[in-house]
Amino acid sequence: GNSVTQMEGPVTLSEEAFLTINCTYTATGYPSLFWYVQYPGEGLQLLLKATKADDKGSNKGFEATYRKETTSFHLEKGSVQVSDSAVYFCALNSGGSNYKLTFGKGTLLTVNP
Amino acid sequence: NAGVTQTPKFQVLKTGQSMTLQCAQDMNHNSMYWYRQDPGMGLRLIYYSASEGTTDKGEVPNGYNVSRLNKREFSLRLESAAPSQTSVYFCASRLDRGNGYTFGSGTRLTVV
């Protein structure tokens, strides 16, 4: 079946540091891949997505590249801000579960001034 | 443009009580979902509705029922609440499989 594995948190960084949150997946077929962000006390928001191999999703300075050869979709940002503090979820949909997204467990990011 | 609206935002129930969580979307999305979020567990799918008139079980359906009332509305019912159902519940919708979900802001439920 489909599964998503994210790096365990929490991740604590200083402002302007470089961010990487690793995400690898197992899926049948050719999945679409997503990153969601959840700010404290809120629901999840779609951050970016990629629907085929070598696509790069980007939004708000965040980027992730769909790597089929390594089954990965790592989230990166060159210079984080305090306002980026949130929980980040990697997700996919593929194959027989086209109607449902499979989520990773989430990674808590805290950015200190 | 309201997106996905969940009511109520907070609720406290006594063990054995029943309640219905309401969800409505105004984006003409086909699929709707109910998730629960617990510390250390991520998001777990309770039930989903791929299209109007259909519902299917997710990973953790026991103790819950759902109704897809029409294309806009998808409710989640707890018939006899248990402390293990204390959680934050999220409703989501999606136009089709190529798109991501749009989430509501959640219902924080405590069962005492």
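Below, chain A is the first sequence line, B the second, and so on; all start at residue 1.
- Between atom OG1 of residue A/Thr102 and atom CG of residue B/Leu45 there is a gap of 9.0 Å, rounded to the nearest 0.5 Å.
- A distance of 11.5 Å separates NZ in A/Lys105 from CD in B/Gln37, rounded to the nearest 0.5 Å.
- Closest of all the heavy-atom pairs between B/Tyr101 and A/Leu101 is OH-N, 2.7 Å.
- Counting non-hydrogen atoms of neighbouring residues, nucleotides and ligands closer than 6.0 angstrom, the CD atom of A/Glu16 reaches no more than 12 such neighbours.
- One hydrophobic cluster holds both A/Phe103 and B/Tyr33 under the rule that ILVMFWY side chains link at heavy-atom gaps under 4.5 Å.
- Cluster membership check: B/Val4 does not share its hydrophobic cluster with B/Tyr89, using side-chain heavy-atom separations under 4.5 Å among Ile, Leu, Val, Met, Phe, Trp and Tyr.
- Expressed to the nearest 0.5 Å, how far CZ of B/Phe90 lies from CD of A/Gln38 amounts to 4.5 Å.
- More than 12 heavy atoms of other residues, nucleotides or ligands lie within 6.0 Å of CZ in A/Phe18, so this atom counts as buried by the packing criterion.
- Of the candidates A/Phe34, A/Phe89, A/Tyr39, A/Tyr36, B/Phe103 forms a ring pair (Phe, Tyr, Trp, His ring centres under 6.0 Å) with just one, namely A/Tyr36.
- Of the listed residues (A/Ala91, A/Gly43, A/Gly106), the greatest number of heavy-atom pairs within a distance under 4.5 Å of chain B belongs to A/Gly43.
- Here B/Arg94 contributes atom CZ and A/Asn93 contributes atom CG; the two are 4.5 Å apart, rounded to the nearest 0.5 Å.
- Every pair passing disulfide bond (SG atoms under 2.5 Å apart) that includes a residue from residues 9-66 of chain B is listed here, sequence neighbours excluded: B/Cys23-B/Cys91.
- Counting heavy atoms of neighbouring residues, nucleotides and ligands inside a 6.0 Å radius, atom CZ of B/Arg44 exceeds 12 of them.
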